[in-house]
There are 2 protein chains.
Amino acid sequence: MVRPGGRSARVQASVHAAVRELEAEVGREALTVPLVATRAGVTPSTIYRRWGDLQELLSDVAVERLRPETAPEDKGSLRSDLEAWAEQFLEEMSAPTGRAYIRDALLGGPDGTNAGQCSAYAAEQIDVILDRAADREENAPDVETVLDRVVAPMMYRILFRPEGLDTAYARQLAVGLVGSNDR
Amino acid sequence: MVRPGGRSARVQASVHAAVRELEAEVGREALTVPLVATRAGVTPSTIYRRWGDLQELLSDVAVERLRPETAPEDKGSLRSDLEAWAEQFLEEMSAPTGRAYIRDALLGGPDGTNAGQCSAYAAEQIDVILDRAADREENAPDVETVLDRVVAPMMYRILFRPEGLDTAYARQLAVGLVGSNDR
């Protein structure tokens with residue numbers, strides 16, 4: 001665990017910031033550990049010790065960028081909340097930057113911690129939507145079912161079958177699952 | 001296109017074979033283009049010219065290994081065919097070698113051709129199952145629906161959420177989709 005405000009947290013923040021800046025300035029293909037270290041004001045060995053290699057570092061930065069910044073919008077019903085969330089998720093994840101981050105997250109470490117974190121972010125957002133539905137006394141599926149029926153098909157197609165993917169598809173998945181609960 | 005029997009096809013076959021042999025002998029972390037070239041009896045520049053880099057070559061080999069060798073077994077009904085196929089798919093893809101091949105396939109080239117080929121293999125197998133169901137005059141979903149409801153959830157969980165994944169889950173996805181068509 002990284003203690004907020006400690007040296008370890010400061011190193012992480014400055015290294016992550018250096019990666020983001022350099023990605024924007026020189027492009028990600030040109031990134032190297034020494035380049036990131038110089039920009040972050042740390043030694044390359046600090047980076048190697050903490051992250052192992054560049055791929056692992058990029059994976060951590062990717063996960064950080066995939067972290068949702070706000071709770072899903074409350075649009076008044078489970079169906080509209082889930083439709084809107086699925087649409088936004090598909091838009092963000094199927095954009096070139098989204099794809100690059102997912103790829104990086106998947107590549108980080110054979111233990112799959114970073115990929116698991118991406119899925120945890122989606123599950124947290126869906127939990128918020130389902131809690132609201134429960135407050136409204138709407139019938140709602142559980143979070144694992146929403147992952148299977150809405151998130152998984154979008155992610156599968158983004159990674160393996162991207163042709164013709166559009167927001168209508170995202171809405172159709174959401175409505176296909178909860179449409180009949182909300183007339 | 002690679003003409004079967006031509007020089008290009010021979011080079012491909014010997015380079016792929018060299019990768020498979022060396023993976024087994026020295027492990028995949030130790031693979032390098034010069035090592036593969038020596039074993040395959042070609043020059044490293046032949047490999048660089050054709051594949052670009054090691055990652056691209058490993059991606060091609062992975063897709064080749066993910067190619068199904070036989071048609072799905074005919075078990076007499078859509079439901080049993082799909083259950084058996086999903087179970088086998090999950091077993092193969094969630095094994096360490098399956099995961100490594102999927103990862104390699106996803107990493108091959110930013111155009112995603114190899115990832116698309118993996119999905120095409122699954123779609124072809126499902127087509128065989130659905131054609132048989134049509135011959136038996138069973139009600140059957142279309143192939144895109146089977147991809148969304150059976151293949152996508154398995155692949156999503158293999159990549160992002162592997163904990164507790166088992167063949168009961170694969171069967172449940174198959175039965176959840178076609179169970180009511182086959183009593």
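Below, chains carry the letters A, B, ... as their sequence lines are ordered, and counting in each starts from 1.
- Using a 4.5 Å cut-off between heavy atoms, B:Gln172 does not touch chain A at all.
- Between chain A and the options B:Ser119, B:Ala100, B:Pro153, the largest number of non-hydrogen pairs under 4.5 Å is found for B:Ser119.
- With respect to A:Asp148, the salt bridge (Lys or Arg N to Asp or Glu O under 4.0 Å) criterion is satisfied by exactly one of B:Arg161, B:Arg157, B:Arg149: B:Arg157.
- Here the CE atom belonging to B:Met155 is positioned 9.5 Å from the CG atom belonging to A:Leu159, to the nearest 0.5 angstrom.
- Between atom CD of residue A:Glu87 and atom OG1 of residue A:Thr167 there is a gap of 4.5 Å, rounded to the nearest 0.5 Å.
- The hydrophobic clustering, which links ILVMFWY residues whose side-chain heavy atoms are closer than 4.5 Å, places B:Val143 and B:Phe89 together.
- The distance from atom CD1 of A:Ile129 to atom CD of A:Glu124, rounded to the nearest 0.5 Å, is 12.5 Å.
- Among residues 14-31 of chain A, no residue has any heavy atom closer than 4.5 Å to a heavy atom of chain B.
- A:Asn114 and A:Ser59 form a side-chain donor-acceptor contact under 3.5 Å, judged by distance and modelled atom types alone.
- Between the side chains of A:Arg67 and A:Gln117, no donor-acceptor pair of N or O atoms lies under 3.5 Å.
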